[in-house]
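FYI, side chains are in, hydrogens and waters are out, and symmetry mates aren't considered; it's all heavy atoms of this structure.
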Amino acid sequence: MSNLTILRTYAQKAPETLPPSILFKQSAKNITIFDGYPKSIFHFLILPRIQEPLTADTLRSLPSLLKGDKEQAKSVIDAIAEDAKAVKKEIQEEMVERYGFKWDIWTGFHGVPSMEHLHLHVLSADLCSERMKNKKHYNSFHPKLGFFLHLNDVLSWFDAESSYFSNQIKNLKPSNYEPILKEPLACFHCRSEMKNIPSLKAHLQEEWDKLERRAKRPAPRKRKAPNAESQADNTEATGSKRAKSEAEEPETASGTI
DNA sequence: GTTCTAGAAC
DNA sequence: GTTCTAGAAC
């Protein structure tokens, strides 16, 4: 069912010929498909279609695209970004319909993808899925480890010095990224280290449950008197006391190797 | 990328 | 004895 070039065959075909179980949507330049082995509650792939001046070879991977014409590379990634924005919006709507709240969505490329043909991952920030089975799966999507190259970071390379741009390309090699996949299992919410996959999965589920509870907690009532600094709280259950969670940390751009 | 499974870890 | 990881796949 899935060989390592299956994505290229999807990108090559007329989108209309793809079954609805695979194709989520299409645009002039891309197709969006359901990830066959979703690692989060929502998980899609956006692939540039092989057409016009673009060749399968150019679109083989991020480095192959970036090593070619820079303006062409930029327009390919911009078009992917545009579709990613629309897909994110649809995911958010379905989050509300199915779960009653919204949580983060990540968009990015793998530093070293195992499947050929450029593909952007668009996935909900939970990593709660039956298919999330091993350390390699987990670390490849961990938002801070650096294996997952956030779309906005990749886009920013185009605005940097050209020496920086070429350095980023040069660094996109397996020897820089493979070691990341072997790093310890650290929760992406709170950084705590887990002994093994089963305990990590149980912990991630708890973290997600916590997000849900937090999102669904009734909003605290507004104070009406500007001077009323009194700490008197009506109920101990509402969240006015919760100062800041251990999970909250300033968002930093993912480190590059 | 997955599946399968030997043997390490507990 | 069972759980879990990690390397081979002809």
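Note on residues 45-55 of chain A: pairs passing side-chain hydrogen bond (donor to acceptor under 3.5 Å, both in side chains), not counting sequence neighbours, are A/T55-A/T58. Residue pairs that meet the salt bridge (Lys or Arg N to Asp or Glu O under 4.0 Å) test with at least one member in residues 26-45 of chain A, sequence neighbours left out, do not exist here.
A/K25 NZ: more than 12 foreign heavy atoms inside a 6.0 Å radius.
In this structure, A/W208 and A/F101 have tilted ring planes: the angle between them lies in the 30° to 60° band.
With sequence neighbours excluded, the residues forming a ring pair (Phe, Tyr, Trp, His ring centres under 6.0 Å) with A/F44 are A/F24, A/F34, listed by chain and number.
As judged by a 4.0 angstrom heavy-atom cut-off over every strand, A/I197 is placed among residues touching the sugar-phosphate backbone only. Nucleic acid contact class of A/K195 (heavy atoms, under 4.0 Å, all strands): none. Across all strands shown, A/P113 has no heavy atoms under 4.0 Å from either base or sugar-phosphate atoms. Looking at heavy-atom distances under 4.0 Å, A/H137 makes contact with sugar-phosphate atoms alone, never a base. As judged by a 4.0 angstrom heavy-atom cut-off over every strand, A/K135 is placed among residues making no nucleic acid contact.
Using a 4.0 Å cutoff to heavy atoms of chain A, the contacted part of DNA chain C runs 5' to 3' from C/dC4 to C/dT5.
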### Task
Give the dot-bracket string for DNA chain B, reading 5' to 3', where a pair is Watson-Crick or G-U wobble with both distances under 3.5 Å, ( ) marks pairs inside the strand, [ ] marks pairs crossing earlier ones, | marks a partner on another strand, and . marks unpaired.
.|||||||||
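Relative to the ring axis of A/F188, A/K144 does not place its NZ or CZ within 45° and under 6.0 Å from the centre.
A salt bridge links A/E212 with A/K216: at least one charged nitrogen is closer than 4.0 Å to a carboxylate oxygen.
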Return all side-chain donor-acceptor pairs below 3.5 angstrom for residues 109-122 of chain A, not counting sequence neighbours, or 'none' if the list is empty.
residue : atom : partner : partner atom : Å
A/H110  : NE2  : A/S140  : O            : 3.0
A/H110  : NE2  : A/S140  : OG           : 3.3
A/E116  : OE1  : A/R8    : NH1          : 3.3
A/E116  : OE1  : A/R8    : NH2          : 2.4
A/E116  : OE1  : A/R60   : NH1          : 2.9
A/H117  : NE2  : A/P48   : O            : 2.8
A/H119  : ND1  : A/H117  : O            : 2.8
A/H121  : ND1  : A/H43   : NE2          : 2.9

